[in-house]
Amino acid sequence: MQTIPEINFEEISGRDGNLGLITLTRTNVLNALNQVMFYALNEQLTEWEAANHIKAVVIRAAEGRAFCAGGDIRSAYERKKTNDPTLSHFFRDEYRLNWHIHHYSKPYIALVDGINMGGGVGISVHASHRVATDRLLLSMPETGIGFYPDVGTTFILSRLPHKIGFYLGLTGARINLNDCMVSGLVDYALNRDSFPELIYKLADTSFDADARASVTEVIQNYVIPAGESVLWEHREEISNCFNKETVEEILFALENQPSQWCHDIATIIKAKSPTSLKVTLQALLDAKKLDFDDCMRMEYRLTSRFIEGHDFFEGIRAAVIDKDHKPQWQPARLEQVTLFDIEKYFVPLEVELME
């Protein structure tokens, strides 16, 4: 079993098989995921998937503010500045990990407590069992840094009810446990204090032939009721305004609603990268018609183009490096981003993701 400073891997002895337990321990940077972590996670998941004595895998974070605040974009920025020719490998390894989790043959249980953004969503939302606490704060904030919602979330967001996924992807809005429950991003609400006992109980339970059903039965014993969702109260406005084919139409719909909430959302969207907004909307529209694997291939194409462009690294500079929060997008206005510009992002690569 591997050992790296950023992640603790262990096996919890149990009845009729052990539990693989992953604990993210890079708490000083909110468990931001670097390439070493992607590789280690993928390798350990592969080992446990082939091991007859491992019946399920649980992933959690050491106690702190976050489950995972996303990928280590500071590192990506630094590699870009040195013209690192292997920068795309960072995302390739991340997306292969997301793919592995989605297709994992054993129960993969994500215990999410605290901040969960970007890459953190990628290692939790594809789990067979998605468990979270009332401290959950989830977002896909990529359009605000000149990128787009990746890590397999084009598949997830495009399928949420009432166009909520389109709203989340374009605005980068932060939502809580109750919002995630009604939207279908979290399956079970639990108290954090019950996590240790749940892990013990999962290890100590003999699974039936349907291991996932056995895990569900155990988790149900710890579920707490979710509260009211503020996001859900706006579902009709979201559905009406985000059910459009262009970003310009979405903004027009928002600005012509009587609700101040809609006007505020329009203002938020206007501050995002115009290129990111248009690519994101097209990606979500396409993803509705694609299976998961094709969504991942599409995302790798998009990412390969974003890391060659301006806005992604300008967004990181403004948000993380200089922290002036004044990105200078190029192009700066939606009308300057043409259909031809967008289509170039979706062109197949010479070497696709899973090749």
Side-chain angles (χ1 to χ4, degrees), residues 69-70 73 115-122 125 136-180 182-186 229-285 287-288 299 302 306 311-312 314-316 318-319 325-327 329 332-334 337 342:
I73 56 174
I115 297 167
N116 193 23
M117 300 166 60
V121 177
V125 78
L136 172 64
L137 190 65
L138 182 146
S139 72
M140 293 299 295
E142 287 78 9
T143 56
I145 57 166
F147 200 49
Y148 74 101
D150 61 337
V151 296
T153 64
T154 57
F155 179 83
I156 300 292
L157 295 176
S158 65
R159 288 161 171 78
L160 297 186
H162 301 290
K163 293 289 180 175
I164 286 174
F166 285 69
Y167 160 76
L168 296 175
L170 290 168
T171 65
R174 298 180 179 185
I175 59 174
N176 62 23
L177 171 64
N178 301 333
D179 300 329
C180 288
V182 297
S183 302
L185 291 166
V186 167
S229 164
V230 174
L231 176 65
W232 196 246
E233 295 176 4
H234 295 287
R235 64 190 183 277
E236 290 188 10
E237 294 161 297
I238 292 171
S239 181
N240 291 335
C241 294
F242 286 82
N243 188 26
K244 311 296 179 186
E245 298 292 318
T246 69
V247 177
E248 289 89 343
E249 289 175 316
I250 290 171
L251 286 171
F252 181 83
L254 287 166
E255 291 171 339
N256 283 276
Q257 290 287 319
S259 159
Q260 183 61 45
W261 184 86
C262 288
H263 299 167
D264 292 342
I265 295 303
T267 300
I268 289 170
I269 291 175
K270 288 178 180 179
K272 310 300 184 183
S273 158
T275 300
S276 293
L277 289 171
K278 290 199 171 185
V279 171
T280 294
L281 179 58
Q282 190 58 55
L284 293 175
L285 290 169
K288 289 195 300 181
E299 289 185 12
L302 300 180
F306 270 105
D311 278 9
F312 182 31
E314 170 62 10
I316 297 174
H325 303 289
K326 295 179 180 179
W329 306 126
R333 299 194 304 275
L334 282 169
V337 184
I342 300 309

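With sequence neighbours excluded, the residues that form a salt bridge (charged side-chain N to carboxylate O under 4.0 Å, His left out) with Lys278 are Glu248. The salt bridge (charged side-chain N to carboxylate O under 4.0 Å, His left out) test applied to Glu237 returns no partner, not counting sequence neighbours. With sequence neighbours excluded, the residues forming a ring-ring contact (aromatic ring centres under 6.0 Å, His included) with Phe312 are Phe147, listed by chain and number. Checked against side-chain contact (heavy atoms from CB on, under 4.5 Å), Gln260 has the following partners two or more places apart in sequence or in another chain: His263, Asp264. Listed by chain and residue number, nothing satisfies the salt bridge (charged side-chain N to carboxylate O under 4.0 Å, His left out) test with Lys288 (two or more places apart in sequence, or in another chain).
The two residues Leu136 and Cys180 come nearest to each other via the heavy atoms CD2-SG, 3.7 Å. Minimum interatomic distance between His234 and Val230 (heavy atoms only, all atoms of both residues): CD2-O, 3.4 Å. The two residues Pro149 and Leu157 have their closest heavy-atom pair at CB-CD1, 3.9 Å.
Residues Phe242 and Leu284 are not in side-chain contact: their nearest non-hydrogen atoms beyond the backbone lie 4.5 Å or more apart. Side chains of Val182 and Leu231 form no contact here, defined as non-hydrogen atoms less than 4.5 Å apart. The shortest side-chain heavy-atom distance between Ile269 and Leu254 falls under the 4.5 Å cut-off. Between Leu281 and Lys244 the shortest side-chain heavy-atom distance does not fall below 4.5 Å. Leu302 places none of its side-chain heavy atoms less than 4.5 Å from the side chain of Asp150. In this structure the side chain of Trp329 never reaches within 4.5 angstrom of the side chain of Ser276, judged on heavy atoms. Between Val247 and Val337 there is no side-chain heavy-atom pair separated by less than 4.5 Å. The side-chain heavy atoms of Trp232 and Arg235, taken from C-beta on, include a pair separated by under 4.5 Å.
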When the side chains of residues 162-169 are checked against the rest of the protein, which donor-acceptor pairs come out under 3.5 Å, sequence neighbours left out?
none

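A side-chain donor-acceptor contact under 3.5 Å links Asp179 to the backbone of Asn176. No donor-acceptor distance shorter than 3.5 angstrom exists from the side chain of Arg174 to the backbone of Ile115, with no hydrogens or angles considered. Side chain of Asn243 to backbone of Ser239: no donor-acceptor contact under 3.5 angstrom is found. Here the side chain of Tyr148 pairs a donor or acceptor atom with the backbone of Glu299 at under 3.5 angstrom. Judged by distance alone, the side chain of Asp311 and the main-chain N or O of Ser273 form no donor-acceptor pair under 3.5 Å.
Taking OG1 of Thr153 as the start and CZ of Arg159 as the end, the distance is 12.0 Å to the nearest 0.5 Å.
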Checking Ile175 against Leu185 for the side chain to side chain contact (heavy atoms under 4.5 Å, CB included) test, could you report, in this order, the C-alpha distance in whole Å, the side-chain angles of both residues, the deciding distance, and whether it holds? CA-CA 10 Å; Ile175 59 174; Leu185 291 166; 3.9 Å; yes
Determine, step by step, whether Ile156 and Val121 satisfy the side chain to side chain contact (heavy atoms under 4.5 Å, CB included) criterion, reporting the C-alpha distance in whole Å, the side-chain angles of both residues, the deciding distance to 0.1 Å, and the verdict. CA-CA 11 Å; Ile156 300 292; Val121 177; over 6 Å; no
